[in-house]
Amino acid sequence: MPEFAVLHEKPHSFYSLYERKGELQHQTHYCPGCGHGIVHKLVARAIDELGIQNRAILVSPVGCSVFAYYYFDVGNVQVAHGRAPAVATGVKRAHPESIVISYQGDGDLAAIGSAEILHAANRGENITVFFVNNAIYGMTGGQMAPTTLVGQKSTTSPFGRNVWNEGSPIKVCELLNALDAPVYLERVALGSNKQIMAAARAVRRALEVQMRGQGFSLIEVLSPCPTIWKKDPVEAQHWVAEELVKTFPLGVVRDRTKDAPVRPASAAPPALDKIPGILGLEQDDPGPTVGGPAAREPVELAVKVAGFGGQGVLLLGEVLAEAGLASGLQVSWLPSYGPEMRSGTSNCHVRIATRPIASPLVLRPNVLLAMNEPSLRKFLPTVEPHGLVIYNGAACPADCLRPDVTLIAAPFAQLADGLGGARAANIAMLGALLEAAPVPFESQVPNVLRKLVRSPKWLEIDLAALARGRQAARQEVAS
Amino acid sequence: MRRELIKGNEAIVKAAILGGCRAFYGYPITPASEIAEAAALYMPQAGGVFLQAESEVAAINMIYGAASAGVRSMTASSGPGVSLMQEGFSYLAGSELPCVVADIMRGGPGLGNIAPEQGDYHQVVKCGGHGNYRTLVLAPDSVQEMCDLTLLAFDLADTYRNPVVVLADGYIGQMMEPVAFPDAAVMPSAPAWAVTGTAETRRNLVTSIYLEPDVLEAHVRKLEAKYRRAEQDAVRFESRETQDADIVLVGYGIVGRVLKEVVEAARAEGMRVGLLRPISLYPFPTEEIRRLARHAQAFAVVEMSTGQMLDDVRLALEGRRPIEFYSRVGGNVPATDAVLGFVRDALLKHVRAPEVIHA
Ligand SMILES: Cc1ncc(C[n+]2csc(CCOP(=O)(O)OP(=O)(O)O)c2C)c(N)n1
Ligand code: SF4
């Protein structure tokens, strides 16, 4: 490839006229001698050579190359500062056949977007990143970049970059080389025509990695910024070749192009009519209808279930709600939630009613299922007069009685333990509830248990506990 | 129709997939994590993408990418994460990209707690990002609405080419109620403006940059006109017993449910109390509030914030009627009895002989 052609021939993947640019549509907005123009040309030429113009999507950053979409005659997405690798991820995963290019400067990639590039690389996103390192913030007028050299002056490091204040320059290729996934990482430079030729090869290789479906590749390009560096284009080029390379050594940092596997293609999506089934919304079971026969008797249950986390408080509530629903009643279930449930208290509010439920909150229950003493003490005062209270304990504490409610106390946990698992105490209490307050959905409870309790062993214990709880309540009421 | 007993947070995901959403990018946070968990379970099976991003900043930008590529996409979070997404909302709106975001509000500010609150109203409805943009906001008060409004959100997002937020709270997200899902799934085709990596879409450009002041002004005016159109066409609310109400309660989300109970109890006591529950928070039911102000003597706003929606009720009323305000925060939910007492006081204070005050 003759050097002359690299520099002067307009690639096909550039627009012939830059119509998106306001004025001077025949030339770019870059300063004379700026590296961005050269990198653009290398990328456009590679797109031409690889025949991927129609598939290519360029994600342009915030920085001097913010207007890359003025020039590239490919699909274009312009994004927020530093976020190009995240946006590229969303684009690529939507269209795996496309060739997605993230084009970024050093502030964009190594400062504000450091998290996005690190994680895109670590996931091995099948994208190609062209990282233009000019050791400065060009667009905003010459502030310090994470790649500014030690001692280099900028408008925000007027005395020169000081490692004690700003740290050392970030070596992006070496940093990403600590990750498993990247397939190809190379640092090139625009310090001489020879270096530019090498850069052209690297750009092409990186795109080929993506075309083969191998995964993440990044080319870091040490690039002149004559304007901010206050050098003429030739001096700036020399500074790249002589100074920048001392901190940022050139070369291939990672090359797994030979052995990196091709990322597995995603399976064909299922037909649309399969989606409800995938979501567990099969229509073969018509399910309950509201206002079925069971719902004729007015029902208005406001249940509070309370206990320690791990006692099955939420499941007990869920069984109730499911059974109510299966009988065609209106139901709601509202849990206490979050880390407090890991060790502390747990409770849930369940409503089962004939009428539509206004509020799912149960602040004044007509049924309280208290699985421990603190819960009994806390919620007993809130129970409606003539309500029902079922307590998991041999007897209610003497200072914890209310003459205006029906109180059933039994050692449900011990009873359940006798059947093979104290954890079935919740279901034993449910049995007691069904016995003490005949409800129109009681026949549904065993079915619901069959649906919700997956383990056959526990289902057996639960069904036994249900019967044992009923028996206990019968004895309590009789005594 | 078959009804599933399901958590609000899961209902959102099933509805989204039925509505053609095939990309979910998110970051875990209580009380919204079940949304990401359900998406992780179902999205790949449905042929879509689920990815746990490195942050909410990344997540919303992945959504930006998926939306640019013409895929119906969504994310979900709660207060602290939604704060981080504000940059993305601004870019999405500026670039006219559709997407759906679920915000399952928790207590704040800062880390606050994980209990339900309504403190994100300002950052979501008034928009915490930069520039002249709005997000459309829908506020479900039941699990059925978590489904219905999620489906609606995707349609609105496409119609207006704008982010739409489903703003719920920890209770609406965590509670279970029966839901009737639509029988069939839909899959709209990718919009013509999307960038899909094909010859046909090669000239497409997604951007929010308009360098020339006149050009940017024209763009902002175009967005503004869209929002005016939404204010005409996309207002949604539920009214209960407002026809003859002396006092109209205003509340959304879980508070709306409490207020339904309050209205029932108040009516049982013979108080003429009604409820206006905004379903779209932006656009806000301003006209309906003004209409009700012709007959109602006072309004009472109930919120789980220190008065964030209250401002919008004030702006709607413009002093036409007095407003009383009741609030609980920190994870506390207004109790029916307490609100009932507050309503009794408000009636005593504001409702006298029916002298007509003209609006
Ligand atoms: C969130 C945000 N912060 C700051 C800026 C301002 N800004 C625009 S470009 C830029 C730095 C660009 O530097 P670099 O990525 O090195 O690209 P260059 O201009 O040198 O090509 C900054 C800080 C912004 N646009 N957005
Ligand atoms: S300021 Fe520097 S990076 Fe920006 S266009 Fe000019 S030379 Fe290029």
Side-chain angles (χ1 to χ4, degrees), chain A residues 20 22 53-57 66 69 73-80 83 86-95 97-100 115-116 118-119 266-270 272-273 275-276 278-279 281 283 285-288 318 321-322 325 331-335 337-339 358-361 363, chain B residues 2-5 14 17-18 23 25 30-31 42 45-47 49 51 53-55 57-58 61-66 68-71 87-88 91 114 170-171 174-178 181 183 185 187 195-199 201-202 204-209 211-212 257-258 260-261 264 333 335-336:
Chain A
R20 285 175 179 151
Q53 185 182 9
N54 287 334
R55 291 164 66 195
I57 298 176
V66 66
Y69 61 83
D73 184 1
V74 301
N76 277 288
V77 180
Q78 202 295 313
V79 305
R83 315 300 177 214
V87 175
T89 297
V91 172
K92 180 71 183 190
R93 295 215 181 190
H95 298 295
E97 288 307 308
S98 63
I99 299 297
V100 178
E116 285 77 8
L118 189 78
H119 287 270
S266 40
L272 264 194
D273 61 1
I275 296 291
I278 288 168
L279 299 175
L281 304 172
Q283 296 299 310
D285 157 21
E318 190 176 346
E322 283 278 11
L325 176 67
V331 300
S332 66
W333 173 96
L334 185 142
Y337 60 84
S359 170
L361 284 127
L363 301 181
Chain B
R2 184 191 152 100
R3 300 187 309 155
E4 292 276 314
L5 186 67
K14 291 192 180 185
I17 292 175
L18 289 169
Y25 295 95
T30 309
Y42 294 119
Q45 297 183 61
V49 176
L51 183 64
E54 58 271 26
S55 70
V57 174
N61 280 284
M62 290 167 180
I63 294 291
Y64 185 102
S68 300
V71 175
E87 173 195 66
Y91 277 82
I114 57 165
Y171 270 163
Q174 296 292 327
M175 73 189 194
M176 285 200 283
E177 285 182 325
F181 287 95
D183 289 334
M187 178 51 73
V195 178
T196 63
T198 56
T201 64
R202 202 177 84 200
N204 288 351
L205 165 67
V206 171
T207 184
S208 59
I209 305 178
L211 266 196
E212 291 300 321
R257 296 295 291 274
V258 173
K260 285 174 182 174
E261 196 170 74
E264 282 176 12
V333 183
T336 302

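Keep in mind that what you see is a predicted model, and the values were worked out from it rather than measured. Naming: A, B, ... by sequence-line order, numbering from 1 per chain.
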Given the options [options], which has more heavy-atom pairs under 4.5 Å with chain B than any of the others?
{"options": "A:Lys92, A:Glu97, A:Glu322", "answer": "A:Glu322"}
{"options": "A:His95, A:Glu116, A:Glu318", "answer": "A:His95"}
{"options": "A:Pro269, A:Pro270, A:Ala321", "answer": "A:Pro270"}
{"options": "A:Leu334, A:Asp273, A:Val91", "answer": "A:Leu334"}
{"options": "A:Val79, A:Ile99, A:Val66", "answer": "A:Val79"}

Need one label for [X]: side chain, backbone, both or neither, based on atoms under 4.5 Å from any heavy atom in chain B.
{"X": "A:Ala267", "value": "neither"}
{"X": "A:Leu363", "value": "side chain"}
{"X": "A:Val100", "value": "neither"}
{"X": "A:Ser266", "value": "neither"}

message: Can a donor-acceptor pair be found, under 3.5 Å and without considering hydrogens, that links the side chain of A:His119 to the backbone of B:Ala53?
response: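 Looks like no, no N/O pair under 3.5 Å.
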query: Just by modelled atom types, is the A:Asp73 backbone N or O under 3.5 Å from a matching donor or acceptor in the B:Arg202 side chain?
result: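 Pair found, side chain donor or acceptor close to backbone of A:Asp73.
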Let's test your reading of the structure: which of [options] forms the most heavy-atom pairs below 4.5 Å with chain A?
{"options": "B:Gly88, B:Ser208, B:Gly170, B:Gly70", "answer": "B:Gly170"}
{"options": "B:Glu177, B:Met62, B:Met176, B:Lys260", "answer": "B:Met176"}
{"options": "B:Thr336, B:Ile63, B:Val49, B:Thr201", "answer": "B:Val49"}

What part of [X] is in contact with chain A, defined as an atom under 4.5 angstrom from a non-hydrogen atom: side chain, backbone, both or neither?
{"X": "B:Val258", "result": "both"}
{"X": "B:Ala199", "result": "both"}
{"X": "B:Leu51", "result": "side chain"}
{"X": "B:Glu87", "result": "side chain"}

Please report the interatomic distance [atom1]([X]) to [atom2]([Y]), rounded to the nearest 0.5 Å.
{"X": "B:Leu18", "Y": "A:Leu272", "atom1": "CG", "atom2": "CG", "result": "9.5 Å"}
{"X": "A:Leu281", "Y": "B:Glu4", "atom1": "CG", "atom2": "CD", "result": "5.0 Å"}
{"X": "A:Trp333", "Y": "B:Leu5", "atom1": "CH2", "atom2": "CG", "result": "8.5 Å"}
{"X": "A:Ser332", "Y": "B:Tyr171", "atom1": "OG", "atom2": "OH", "result": "12.0 Å"}
{"X": "A:Arg20", "Y": "B:Leu205", "atom1": "CZ", "atom2": "CG", "result": "4.5 Å"}

field: Set of salt bridge (charged side-chain N to carboxylate O under 4.0 Å, His left out) partners for B:Lys14, sequence neighbours left out
entry: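 Not a single residue meets the salt bridge (charged side-chain N to carboxylate O under 4.0 Å, His left out) criterion with B:Lys14.
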field: Test salt bridge (charged side-chain N to carboxylate O under 4.0 Å, His left out) applied to B:Glu261 - qualifying residues, sequence neighbours left out
entry: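 If we apply the salt bridge (charged side-chain N to carboxylate O under 4.0 Å, His left out) test to B:Glu261, skipping adjacent residues, the hits are A:Arg351.
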Side chains of [X] and [Y]: does their closest heavy-atom pair fall under 4.5 Å?
{"X": "B:Ile209", "Y": "A:Tyr69", "value": "yes"}
{"X": "B:Arg257", "Y": "A:Pro360", "value": "yes"}
{"X": "B:Thr196", "Y": "A:Ser98", "value": "no"}
{"X": "A:Arg93", "Y": "B:Tyr25", "value": "yes"}

- request: Start with the C-alpha distance between B:Thr207 and A:Asn76, add both sets of side-chain angles, then the distance that settles side chain to side chain contact (heavy atoms under 4.5 Å, CB included), and finish with yes or no.
  value: CA-CA 8 Å; B:Thr207 184; A:Asn76 277 288; over 6 Å; no
